[in-house]
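This report refers to the structure that appears directly beneath it.
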Amino acid sequence: MKLNKNRMAIEFQKKVYELCKRVPKGRVTTYKAIGDKLRTKAYRAIGTALNKNPYAPKVPCHRVINSNRSVGGFAKGINAKKKLLREEGIFINKHNKVEIKYLFRFK
DNA sequence: CCGTTGACTCTTT
DNA sequence: AAAAGAGCCAACG
């Protein structure tokens, strides 16, 4: 069957945003966890989708970090991201890592 | 249309 | 610990 590429991309973004919105304040998830949930290995594309993030505070994309628990990137700079996380009570250690206890598990 | 880029991840030096 | 290389896929020019 023939797949419409454009439409797939839009669906992809929507799913990424929906998952992201599930992460509670004070917790984090990873690009990998989202990819696993969507059954895709397009981890970079997840970053791409969040980089656009048209739904600024509504989609808490600052709660998405790297699989190795380092903070990762952010459209407005990683300092802004770290600040937002700290404001939610998330401790970032000396090696720029987030403690495991903050990781949110999708059900 | 096609090549490059990037908020990534995994494996292998 | 750190870097290189491969794989992945949407966005951009």
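So you know, we letter chains A, B, ... as the sequences are listed, proteins then strands, and number each from 1. Below, all heavy atoms of this structure are taken into account, side chains as well, without hydrogens, waters or symmetry copies.
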Length of the [atom1]-[atom2] vector between [X] and [N], whole Å:
| X | N | atom1 | atom2 | answer |
| --- | --- | --- | --- | --- |
| A:F12 | C:dA10 | CZ | C1' | 7 Å |
| A:R44 | B:dA7 | CZ | P | 8 Å |
| A:N6 | C:dC12 | CG | C1' | 13 Å |

Are any of A:K52's side-chain N or O atoms less than 4.0 Å away from OP1 or OP2 of C:dA10?
no

How would you label the contact of [X] with the nucleic acid (heavy atoms, under 4.0 Å): base, sugar-phosphate, or nothing?
| X | value |
| --- | --- |
| A:T48 | base |
| A:N66 | sugar-phosphate |
| A:A45 | base |
| A:A75 | base |

Search all heavy atoms of [X] against all heavy atoms of [Y] and return the closest pair with its distance.
| X | Y | result |
| --- | --- | --- |
| A:G73 | A:Y31 | O-OH, 3.9 Å |
| A:R27 | A:L103 | NH2-O, 2.7 Å |
| A:L19 | A:K37 | CD2-CG, 3.6 Å |
| A:C20 | A:C61 | SG-CA, 3.6 Å |

Side chain of [X], heavy atoms from C-beta onward: which of [options] has the nearest atom to it?
| X | options | answer |
| --- | --- | --- |
| A:S67 | B:dC10, B:dG6, C:dC12 | B:dC10 |
| A:T40 | C:dC9, B:dA7, C:dA11 | C:dC9 |
| A:Q13 | C:dC9, B:dA7, C:dA11 | C:dA11 |
| A:K41 | B:dA7, C:dA10, C:dC8 | C:dC8 |
| A:A9 | C:dA10, B:dT9, B:dA7 | C:dA10 |

Less than 4.5 Å apart, side chain to side chain, heavy atoms only: is that true for A:F12 and A:I46?
yes

Between B:dA7 and C:dG7, how many Å separate the two P atoms, rounded to a whole number?
22 Å

